[in-house]
Protein chains: 2
Amino acid sequence: MAVAGGGTTGARYRRLAADLREAIATGAYGADGRLPSEEKLAQQYGVSRGTVRQALAVLRANGLVTSRRGTRRVVLGTARTQSFFELLSFTRWARSLGEEPGSRTIGIERRPAEPLECEQLGLAPGSQIYRVLRLRTLSRVPIMVERTLYPERIGALIKRLDPHAISHTDPLAEEGVVFADTEHTIDLVYADADDTRLLGCAPDAPLMRERRRATDQAGRPLMWSDDRFVPGTIAFTVHNSVATTALSRRRG
Amino acid sequence: MAVAGGGTTGARYRRLAADLREAIATGAYGADGRLPSEEKLAQQYGVSRGTVRQALAVLRANGLVTSRRGTRRVVLGTARTQSFFELLSFTRWARSLGEEPGSRTIGIERRPAEPLECEQLGLAPGSQIYRVLRLRTLSRVPIMVERTLYPERIGALIKRLDPHAISHTDPLAEEGVVFADTEHTIDLVYADADDTRLLGCAPDAPLMRERRRATDQAGRPLMWSDDRFVPGTIAFTVHNSVATTALSRRRG
DNA sequence: CAGTGGTCTAGACCACGTG
DNA sequence: ACGTGGTCTAGACCACTGA
């Protein structure tokens, strides 16, 4: 029996999913082609049907294949969705595009949280928070202004980082601070004085705003951020079906 | 043994998911509370652990609960995510907000598809398509301009509809045309002449654009739409985790 | 009608978090 | 050490699609 070739790390269904994704990208099943039946795949890879279904559920969630009772699964397209980590971190997102991410920290301040901020971060009234203001660039071009709030515990870690550090997410992960869930809200705002100065845009110019609220695995808030992008530099794409949904960012 | 109370329709895990969602919304497990273990739930509802896990996967995907090896699941919040159908249809979305959706069809034309359009709709070059231009309102206030392309087969159905019909999605569903998968792309554009005239905004005013491409269950393209919203009237929210993602629209 | 994916069960072992 | 969720298996029946 065949063995999933995607390495020996992690769960079998993940390796199998990676394998199938690869096979689809290579065109092994052709565009608009039909996948082998679950039973057949189970035999080919020497796993149970349950494991095959788990792997296919991943591809389904990423919008790679259809699934419908009575018919074999159909290939919809090649992988477009980014990993959760590319989504969460500007740095990883930029690198996955082959662009050079840059960061300039404009300021870090520690101050008492306002009521709304307390609520968003799940803190007791009057708790101390850190606020970080950064300008993010793509191949040296200013792209986004990032205003991030952290509870004191996390902010203290950020404060200790090299001011020139490009990624904040990675060092935090090394400290065991893991963003497990994130809620994104996307809307349109007009540039304020800081935005204008940092991005070099006109006063009141329209910007795409992405607000991100992240929690750890236990559901405790870790971060709340307000990111404003120059229009034309980014687009958000979401794939959804009756079953699931997947978000990604793209260059606009 | 207890029986899932959410009706007797559909799969058990769906009824169970609805039941648990309800229980969470009612606060039966308290905010920040912990859910019973999977084993316990299986006993309570008289189903197997597998079925419980399937139900919980739905709640997980909607960002309602955490999931983490070693600890009980934690309630993150009450249901915010909309159903796939509310997401797809402006009409259903509006109604779920308690607003009165309105529609004015500005024009329907039948013409040969341009190359890009052929590609997006998966049609042979030169195929005929329908293009529908509509103004959508919320409680009589113009909110969005919708430009939709349909392949000939679907467009012919649209053309037969009552010009005053508010929803196009519902009548199509009755004809057996079901949108199973949709890809959304969100970015920022500037109002053209039509947008300006219909929405009553300034020329070149910034608008939020949502482009939607829908396919049927077999992966065949059914629709391609360019929707432009007045800023401040809508925000897109996406919840995502290492596992899954869920999109919804909100009033801005 | 045969093939396929959707649902469900019962049981097993493991990895992780917490007390 | 124990309880919990994560993974995997083997087998069963059903609902739907398409020839």
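Here is the naming used below: chain letters follow the sequence lines, and residue numbers restart at 1 for every chain.
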- Item | Integer-rounded Å distance: D:dT7 P and B:Arg53 CZ | 7 Å

- Note on the structure: By side chain to side chain donor-acceptor pair (under 3.5 Å), A:Arg110 pairs with (sequence neighbours left out) A:Glu152

- Message: For A:Glu109, give me all partners under side-chain contact (heavy atoms from CB on, under 4.5 Å), at least two apart in sequence or on another chain.
- Response: A:Arg111, A:Arg131

- Note on the structure: Hits for side-chain contact (heavy atoms from CB on, under 4.5 Å) against A:Thr169, two or more places apart or cross-chain, chain-then-number order -> A:Leu88, A:Ser89, A:Ser167, A:Phe179

- How many Å lie between CZ on B:Arg73 and P on D:dG3, as a whole number? 19 Å

- Message: Please report the distance, rounded to the nearest Å, between CD in A:Glu39 and C1' in C:dT4.
- Response: 10 Å

- Between B:Arg212 and B:Met223, is there a donor-acceptor pair closer than 3.5 Å when you use the side chain of the first and the backbone of the second? no

- Which residue pairs pass the salt bridge (Lys or Arg N to Asp or Glu O under 4.0 Å) test when at least one of the two sits in residues 36-48 of chain B, sequence neighbours left out? B:Glu38-B:Arg49, B:Glu38-B:Arg53, B:Glu38-B:Arg73

- Query: Which side chain to side chain donor-acceptor pair (under 3.5 Å) pairs, counting each pair once, include a residue from residues 120-130 of chain B, with sequence neighbours left out?
  - Reply: B:Gln120-B:Arg213

- Where protein sits on nucleotides 8-17 of chain D, one letter per nucleotide: B base, S sugar-phosphate only, - none, heavy atoms under 4.0 Å: SB--B--BBB

- Sorted by chain and residue number, the side-chain contact (heavy atoms from CB on, under 4.5 Å) partners of B:Arg68 (sequence neighbours excluded) come out as A:Gln217, A:Ala218, B:Thr71

- Nearest-Å distance, CZ (B:Arg72) to C1' (C:dG19)? 14 Å

- Query: What residues form a side-chain contact (heavy atoms from CB on, under 4.5 Å) with A:Arg72, not counting sequence neighbours?
  - Reply: A:Arg34, A:Ser37

- Query: Want to know the stems of DNA chain C: at least 3 consecutive Watson-Crick or G-U pairs with distances under 3.5 Å, which are they?
  - Reply: C:1-18 with D:1-18

